[in-house]
Number of protein chains: 2
Amino acid sequence: MVSLDRIDVRILQELQQDSSLTNQELADRVGLSPSPCLRRVKALEDSGIVDRKVMLLKRSELGLKLTAFIQISMDRHTPDRFTVFEEQVNSFPEVRACNLVTGQNCDYLVEVVVEDMEKYHDFLLGKLTRIPGVSGVQSSFLLRSIKENTSLPLGHLL
Amino acid sequence: MVSLDRIDVRILQELQQDSSLTNQELADRVGLSPSPCLRRVKALEDSGIVDRKVMLLKRSELGLKLTAFIQISMDRHTPDRFTVFEEQVNSFPEVRACNLVTGQNCDYLVEVVVEDMEKYHDFLLGKLTRIPGVSGVQSSFLLRSIKENTSLPLGHLL
DNA sequence: GAAATTTAAGCAATATTATTCCAAAATAAA
DNA sequence: TTTATTTTGGAATAATATTGCTTAAATTTC
C-alpha cells in the first residue's frame, strides 16, 4: 500500500470530484506551485492507485429512463456456471455493475440501465434469463437517486 | 433531448471509457481533424448531457477492503422520514450510492465502502441505524466485482 | 543540537496541447 | 441546378503541461 501525505490526499479528493481541473487550479487548491503539484499527480498515477479517468453522462438526457437493480440466484455454484454468467454479463452494454455477494437471498447484484420498461423486458427475456444457471431473478426499479458518488472515502489515510 | 450523430456518439463512447485522451488522439479515433473534434466535444459539454469528469481510484490500493450492499426499510413512508434519511446519508463519506427503489423488500439500496468489518460495524451502529425511521437493515458483502462500468449504453441513439 | 544528506519546492525555459480564425468543402434547401 | 447553411481542415495563436535546474525545507545521522 502506497504512502500518502496530506497534500496527496487533497489532490486525490479534488480529482475524484473533478478531473477536468487544470494543474494550475489544482495547485492553488492544495497550496502548491504548479510543478510540484504536477509531479505529485504523475507519481500518484504511476503508483497504481489511480484506476482511470472517465466522463460521466446524464441518463435522463440520453433517453435512459429506467434503471433496475436485480438480485440473481444461480441453480448450482460450480465454477463453470460462474464463468459463463460473467462472460455473458460483461458483453451486455446495459449492465453497469455486476457483483458477486454474500447472502442467502442471491448470488449476484446487477445494475442495468435501459430506455424503458419494454427494453427492460427484452433484456430480461432475451439476454439475462437466457444465461444457463440463472434460476432466480428479482428486480427493483429506481424511483429516485439520492446519492451517486464515484469518490472513495480517504479520511482513514490522514 | 439532444440530437447526436454517429460521430458524437463515438466521441461520447471514447470519453466515457477514457477522458484523459488528448483531443488529437480522440480526433484520430473518430476520424476527424482536431478542430471540428474539439468543437463537438465543447458542444456536447454545453448541451448538458455531460455530468462531469472524474478520476476513479482503486479501493484495494487504498486499504478499503470491504464493500457492502445494504437494503434498508423505513418504518413509515412520510416525507419527513425520507428527508432526514437522505440528508444524513449524503453526509456520510462511506456511502457511495443511495437509491430509492420499488419493491416490497426495502425502500433504499445503499452501497458503502469501508476499511474492514470493524469499521463497517461502527458505521452501522454509529451512523446508519441512528437515523430515525430505519427499521430494517440487511447487508450483503462484496465477494468479487465482475463489472464496474461507468459508461452508459448509447446504442439506442444510432 | 548541528552538520550532512536527502527530499521536495519554486522558477523559468521548452514542449505539448487546446483554441480560434478563415477559407474550402459538404450538406441541405429552394 | 443554384443558393444558403452548416461543417470541416489547416494554420496561427494562446493556454497549459512538462522538464531542468537552483534553492529551500525536511529528515537523518553523528
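What you are looking at is a predicted structure, and each value in this text was computed from that prediction instead of being measured. Within every chain, numbering begins at 1; the chains are lettered A, B, ... in the order of the sequence lines, protein sequences first and strands thereafter. Heavy-atom basis, side chains included; hydrogens, waters and symmetry copies ignored.
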Q: Output the residues of residues 17-33 of chain A in contact with DNA chain C, where contact means a heavy atom of the residue under 4.0 Å from an atom of the strand; sort by number or write none.
A: A:Leu32, A:Ser33
Q. Between the side chains of A:Gln17 and A:Ser151, does any donor sit under 3.5 Å from an acceptor?
A. yes
Q: Go through the side-chain N and O atoms of A:Gln88 and A:Ser91 and say whether any donor and acceptor fall under 3.5 Å apart.
A: no
Q.
Let me check something: do A:Leu124 and A:Phe141 share a hydrophobic cluster, defined by ILVMFWY side-chain heavy atoms less than 4.5 Å apart, either directly or through other members?
A. yes
Q) Rounding to a whole Å, what distance do you find between A:Lys42:NZ and D:dT16:C1'? A) 12 Å
Q. Can you tell me how far P of D:dT6 sits from CG of B:Asp5, to the nearest Å?
A. 15 Å
(Q) Expressed as a whole number of angstroms, how long is the span from A:Arg39:CZ to D:dT18:P? (A) 12 Å
Q.
If I take atom CG in residue B:Leu38 and atom P in nucleotide C:dT17, what distance separates them, rounded to the nearest angstrom?
A. 14 Å
Q. What integer distance in Å separates A:Asp46:CG from D:dT18:C1'?
A. 14 Å
Q: Give the rounded distance in Å between these two atoms: CZ of B:Arg40 and C1' of C:dT20.
A: 18 Å
Q. Within this structure, what is the CD1-to-C1' distance between B:Ile11 and D:dT8, rounded to whole angstrom?
A. 13 Å
**Q.** Any residue meeting ring pair (Phe, Tyr, Trp, His ring centres under 6.0 Å) with A:Phe85, in chain and number order, not counting sequence neighbours
**A.** A:Tyr108
Q. Under a 4.0 Å N-O cut-off, is there an ion pair linking B:Arg10 with B:Asp5?
A. no
Q. Hey, is B:Arg52 close enough to A:Asp18 for a salt bridge, meaning N to O under 4.0 Å?
A. no
